[in-house]
Amino acid sequence: MAFNFSVFKVRALSAIVFVLIMLAGLLFNGWSYFTLFLLIQIGCLYEYQKLMRIIFPSYNQISKMHQWGVFVVGILMMTSLAPTDIVLPTSLLKTLPQAYQGIGLRWIGLKAMPVGLVLMMVADVFARKAEVKNIAISFFGFIYISISLSLFYAMRGMFLNSAMSMFFPNIELMVPILVIVTVWVNDTMAYIVGSFIGRTPISPISPKKTWEGTIAGVILSVVILSTVAGQYIPIATKYLYLITFVASVMGNLGDLFESKLKRLAGVKDSGSMMPGHGGFLDRFDSILFAGPFVWILLQFIF
């Protein structure tokens, strides 16, 4: 795969704008962080449903309640994992009974999510459109997108009770940002190295990806980011290497999985959100796999 400077230029410029938007959402406050991942989830679920309608024509028959219920339940799933510092605005809380003062997103999500799931399934039964296959497709979407992004989103609050947060006020944001940057650096390095020396396709699913580029992307992203992050994140270096390694490897698997979905659907991109990058799934496919596995890793480390 020869290096195409014009393609790389478009990808780089759009990526810079995208990174600025992402950083603004991540760093501004808790609500911007929640809104950012909420929008990402909605975009990914929309494109997932679009691909499923092509791959499985029967999925076009789901009821409107089922179709929109997927988005509602996905949102409630994320709110159920919201950090405890995300509470409703004071002006709204004042209108609620005393018993509900201090209510947060987590409480709302935990109470409403089971109701949303039941209503979504019952709607298909009453509309006589209930099919086990279609329900399974939607539930896989919850696992693939909603749970993955929810666990990634939940990493923000993992260090709030840590003694380290007394000395590093933004420690809860450092690991999510590290994972995102690792995935992006891995993707960029794999593209550049693969363009120059790539000779061996990694899989028929994604013929432009090569083993040479993939291996180089993993090594470079792990070494560079673990070294840099070690200067700022108060976590043992061996753990940083583990985090970046898992993020890089699982990110590559996530990219291959999404490529498989697109191949089954016969489309080049899942959407057209970003010039040179495609849609939401094209941009966040790696994070959808890296996020939950890093979250699991962090449970063992901390």
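Here, residue 1 is the first one in the sequence, and each next residue gets the next number.
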Atom pairs and distances, donor-acceptor, side-chain atoms in residues 113-122, under 3.5 Å, two or more places apart:
none

Side chains of Lys260 and Leu264: does their closest heavy-atom pair fall under 4.5 Å?
yes
Spell out, as yes or no, whether a donor-acceptor pair under 3.5 Å connects the side chain of Asn252 to the backbone of Ser248.
yes
Report the distance from atom CG of Leu281 to atom CG of Leu51, rounding to the nearest 0.5 Å.
6.5 Å
Show which side-chain atoms of residues 66-75 pair as donor or acceptor with protein atoms under 3.5 Å away, not counting sequence neighbours.
unit_1, atom_1, unit_2, atom_2, d
His66, ND1, Asp124, OD2, 2.6
His66, NE2, Ser138, OG, 2.6

Consider only side-chain N and O atoms of Asp282 and Ser270, and report whether a donor and an acceptor are under 3.5 Å apart.
yes
Find out whether Leu256 and Ile202 are in side-chain contact, i.e. whether some heavy atom of one side chain is under 4.5 Å from a heavy atom of the other.
yes
Atom pair OG/CE of Ser148 and Met250 - distance to nearest 0.5 Å:
9.5 Å
Side chain Glu258, main chain Gly254, donor-acceptor under 3.5 Å:
no
Examine distances only and state if a side-chain atom of Lys262 and a backbone atom of Asp269 form a donor-acceptor pair shorter than 3.5 Å.
no
With a 4.5 Å limit on heavy-atom distance, are the side chains of Ile177 and Met174 in contact?
no
Relative to each other, are the rings of Phe257 and Phe140 parallel, tilted or perpendicular (30° and 60° limits)?
tilted
Inter-residue atom distance Tyr144.OH - Cys44.SG, 0.5 Å rounding
7.5 Å
For residues 39-60, which residue pairs pass the ring-ring contact (aromatic ring centres under 6.0 Å, His included) check, not counting sequence neighbours?
none
Within this structure, what is the CD1-CG distance for the pair Ile143 and Leu288, rounded to the nearest 0.5 Å?
13.0 Å
Is any side-chain heavy atom of Phe34 closer than 4.5 Å to one of Thr79?
yes
Spacing of Phe152 atom CZ and Ile40 atom CD1 [to the nearest 0.5 Å]:
8.5 Å
Please round to the nearest 0.5 Å and tell me the distance separating atom OH of Tyr239 and atom OG of Ser226.
14.0 Å
Worked verdict on Leu297 versus Phe293 for side chain to side chain contact (heavy atoms under 4.5 Å, CB included):
CA-CA 6 Å; Leu297 175 64; Phe293 281 92; over 6 Å; no
Donor-acceptor under 3.5 Å (Ser32 side chain, Gly25 main chain)
yes
